[in-house]
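What follows is a single structure, written as structure tokens, with notes after it.
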Amino acid sequence: MGPTTRARFVYNRRRRAVEEASDDEEEQHDTSSSSDEEEEEAEEASGEEVDDEEEAAAAEPGAKKPPAAAAAGERRGGRKDPITISLKKVCKVCKRTGHEAGFKGAVYIDCPMKPCFLCKMPGHTTLTCPHRIAMEHGVIPAPRRNTNTSLDYVFQSQVKGKISMVKPQFLIPNQLDCGNVKFHQRRVTCLEFHPARNNVLLSGDKKGLLGIWDYVKLHEKITYDSVHSCILNSMKIDTANDGVLYTASSDGTASSTDLDTGIGSPLLNLNPNGWNGPSTWRMIYGMDLNTDKGLLLVADSFGFLYLLDRRSKTRIGHPILIHKKGSKVTCLHCNPAQPEVLLSSGNDHYARIWDTRNLVPNSPLASLAHGRVVNSGYFSPHSGNKILTTCQDNRIRVWDYIFGNLESPSREIVHSHDFSRHLTPFKAEWDPKDYTETVAVIGRYISENYNGVALHPIDFIDTSSGKLLAEVMDPDITTISPVNKLHPQDDILATGSSRSIFIWKPKNEADLIEERTKQKAKKYIYGSGSRKKSNGKHDNSSDDDSDGDSDGKNKKAKRTRFTHTVKGKGKSKV
DNA sequence: AATATATGGGCCC
DNA sequence: TGGGCCCCCTATAT
């Protein structure tokens with residue numbers, strides 16, 4: 001309704017007009033009296049190319065202004081050109097003139113005719129989105145970042161300098177540890193750390209290839225291409241027998257594979273009659289293991305849940321409809337504290353809680369309504385009392401009490417993780433090491449101008465406050481990183497970005513000390529004039545994270561960092 | 001260096 | 001309820 005619909009309408013009509021007529025004719029056809037259209041046309045008449053360049057210059061403070069007018073003059077005045085009008089620049093999104101969507105340098109300029117790409121509300125673009133606000137900190141690990149109590153401050157100021165190796169509670173793995181691992185031929189779709197074998201990471205890709213590799217000894221890697229024939233969607237190691245891996249795939253099978261031999265045996269095949277067109281082909285996205293009961297749970301792209309006995313490899317009962325018939329179940333997760341409690345997420349815009357001991361179709365324990373497709377839903381890793389969902393409406397939702405009032409989420413965090421058919425869906429995941437059950441990690445879709453390069457960071461979010469704890473990026477990774485996995489014990493992050501896999505570790509102590517020393521020296525030389533004073537409480541502390549970056553990567557004075565905002569319970573729904 | 005293409009989900013009729 | 005059309009920050013192969 002409202003502005004969105006109107007924009008769409010205008011867009012379609014405009015398109016037809018552009019296709020059918022030249023610009024001049026178009027004006028005659030145009031009977032609209034919409035005020036903003038008139039405004040745009042006026043802008044056009046005054047010379048759109050100059051406007052464009054000004055826009056670019058404004059977006060990048062340090063950038064030189066190119067001699068746009070001169071260039072335009074040459075183009076126009078040089079010689080006769082009968083088809084000049086058709087060369088007029090047109091926005092690739094809405095096909096209108098007067099503006100252009102796309103990258104201007106490292107900054108993406110949205111089409112103003114569309115709702116905001118970040119928060120999805122009309123009337124502004126991501127550049128001016130209220131959910132994109134300036135942050136005070138940079139990307140270096142800030143151990144105390146999320147502990148702001150005065151007690152903590154006192155503790156830090158007294159203890160710091162006396163003991164050098166206090167392990168911070170949250171160490172952000174933000175430095176690339178090893179080279180770009182690129183043995184997958186298609187995009188990486190899932191990652192899993194081996195829970196018991198040191199330094200072993202399992203990876204799956206769009207073609208169904210399974211990779212097992214040691215990220216300390218990079219040459220020790222194995223790939224199996226016989227397990228699945230297309231997208232590997234989910235992996236799980238059997239904790240009772242950690243030599244066995246369970247996998248689920250869009251080929252419609254769930255398998256158990258011996259990690260050492262690669263010999264797999266299918267536990268379930270939902271397409272026993274082979275390919276008979278997309279309307280009958282079943283795919284498996286959601287999968288989880290109830291280790292207590294030796295139960296493998298799997299859900300297909302038609303809304304059905306299947307229970308499998310792990311040992312006998314047989315189905316238990318009949319498939320049960322847990323989401324809208326014909327819609328994809330995107331994710332399954334067993335509650336870590338009560339494994340019989342199951343969380344399912346689906347394309348029908350719901351996440352649902354079930355009791356697997358008493359499954360009745362259309363009778364979940366709870367139904368969590370979302371604005372769009374729910375990519376994932378996970379119980380918090382220890383108490384299992386919270387739920388974290390990722391939805392294609394660009395919002396991460398936190399539901400604090402799984403048996404409480406789930407009519408609306410406790411918090412909504414606007415965050416850019418749009419759907420794109422070419423990307424593996426983004427999924428926010430809890431940090432399994434975080435006993436406070438607050439930290440989550442998720443890749444970011446929209447890019448940030450990072451010293452002139454557009455990069456897509458991986459965000460660490462404090463889900464209790466919505467605060468961005470860290471944004472992890474590297475100039476060498478220019479691709480989007482939708483797949484991220486935190487190590488269950490170590491401060492390690494594995495990232496799947498396009499065909500590559502990256503391992504991140506925290507910067508080591510020596511690097512940190514060096515950085516802080518430099519920072520201090522800088523401060524001494526240049527003073528603190530450029531520093532933003534917070535509340536004066538501790539603006540003398542060297543480990544203040546207010547302007548974290550000192551590694552020379554962020555030289556530009558002002559960076560407007562994308563972040564996200566939190567909507568608490570009780571406020572109006574989006 | 002331009003271009004083709006894979007292919008999911010929303011939305012409209 | 002289903003088919004057809006549209007699509008915005010891809011990444012890669014040619």
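Worth knowing before you read on, the calculation uses all heavy atoms, side chains too, and leaves out hydrogens, waters and symmetry mates. Chain letters run A, B, ... following the sequence lines, proteins first and then strands; every chain starts at 1.
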At less than 4.0 Å, is any side-chain N or O atom of A:Asn347 found next to OP1 or OP2 of B:dG8? Yes or no. no

Quick one: pull up CZ in A:Phe379 and CD1 in A:Ile353 and give me the separation to the nearest 0.5 Å. 5.0 Å

Out of C:dC8, B:dG10, B:dG9, which nucleotide sits closest to the side chain of A:Pro115? C:dC8

Output all residues satisfying salt bridge (charged side-chain N to carboxylate O under 4.0 Å, His left out) with A:Lys485, sequence neighbours left out; order by chain, then residue number. A:Glu192, A:Glu429

For A:His370, enumerate each residue passing the ring-ring contact (aromatic ring centres under 6.0 Å, His included) test, keeping only those at least two apart in sequence or located in another chain. A:Trp399

For A:Arg499, give me all partners under salt bridge (charged side-chain N to carboxylate O under 4.0 Å, His left out), at least two apart in sequence or on another chain. none

For the residue pair A:Tyr215 and A:Trp213, categorise the inter-ring angle as parallel (less than 30°), tilted (30 to 60°) or perpendicular (more than 60°). perpendicular

Using ring-ring contact (aromatic ring centres under 6.0 Å, His included) as the criterion, list what pairs up with A:Tyr378, not counting sequence neighbours. A:His333

What is the distance, rounded to the nearest whole Å, between atom NZ of A:Lys120 and atom P of B:dC11? 11 Å

Contact list (N/O, under 3.5 angstrom) for nucleotides 10-14 of chain C vs protein:
residue: C:dA11; atom: OP1; partner: A:Ile480; partner atom: N; Å: 2.7
residue: C:dA11; atom: O3'; partner: A:Ser498; partner atom: OG; Å: 2.8
residue: C:dT12; atom: OP1; partner: A:Ser498; partner atom: OG; Å: 2.6
residue: C:dA13; atom: OP1; partner: A:Arg499; partner atom: NH1; Å: 2.9

When the C1' atoms of C:dC9 and B:dC11 are considered, how many whole Å apart are they? 23 Å

Using only heavy-atom distances, determine whether the side chains of A:Ser498 and A:Thr479 contain a donor-acceptor pair under 3.5 Å. no

Take the protein atom NE2 of A:His99 and the nucleotide atom C1' of C:dC8, then report the distance between them rounded to whole Å. 12 Å

What's the CD1-C1' distance between A:Ile231 and B:dG8, to the nearest Å? 10 Å

Do any N or O atoms of the protein come closer than 3.5 Å to N or O atoms of nucleotides 2-4 of chain B, and which pairs are they?
none

Checking contacts here: which listed nucleotide (C:dC9, B:dG10, B:dA6) is nearest the side-chain heavy atoms of A:Arg372? B:dG10

Please report, rounded to the nearest Å, how far the P atom of C:dC9 is from the CD1 atom of A:Ile446. 13 Å

I need the CD-P distance between A:Glu100 and C:dC9, as an integer number of Å. 15 Å

Taking C:dC8, B:dG9, C:dC9 as options, the one with an atom nearest any side-chain atom of A:Thr126 is C:dC9

How long is the line joining CG of A:Leu118 and C1' of C:dC8, in whole Å? 13 Å

Partners of A:His417 by ring-ring contact (aromatic ring centres under 6.0 Å, His included), sequence neighbours excluded? A:His415

Report yes if a side-chain nitrogen or oxygen of A:Lys92 is closer than 4.0 Å to either non-bridging phosphate oxygen (OP1 or OP2) of C:dC8; otherwise report no. no

Would you please name every residue forming a salt bridge (charged side-chain N to carboxylate O under 4.0 Å, His left out) with A:Asp288, sequence neighbours left out? A:Lys236

Closest nucleotide of DNA chain B for A:Lys206 versus for A:His349: which of these residues is on the 5' side? A:Lys206

Measure the distance from CZ on A:Phe426 to P on B:dG9 and round it to the nearest whole Å. 15 Å

Kindly point out which of C:dC9, C:dC8, B:dG8 is positioned nearest to the side chain of A:Lys328? B:dG8

Under the rule of Watson-Crick or G-U wobble with both distances under 3.5 Å, where | means paired to another strand and [ ] a crossing pair, DNA chain B maps to .|||||.||||||

Atom CH2 of A:Trp281 and atom P of B:dG8: how far apart are they, to the nearest Å? 13 Å

Which residues satisfy the ring-ring contact (aromatic ring centres under 6.0 Å, His included) test with A:Trp281, sequence neighbours excluded? A:Trp275

Applying salt bridge (charged side-chain N to carboxylate O under 4.0 Å, His left out) to A:Arg352 and not counting sequence neighbours gives A:Asp348

Mind checking side chain to side chain donor-acceptor pair (under 3.5 Å) for A:Thr424 and listing every partner two or more places apart, or none if nothing turns up? A:Arg187

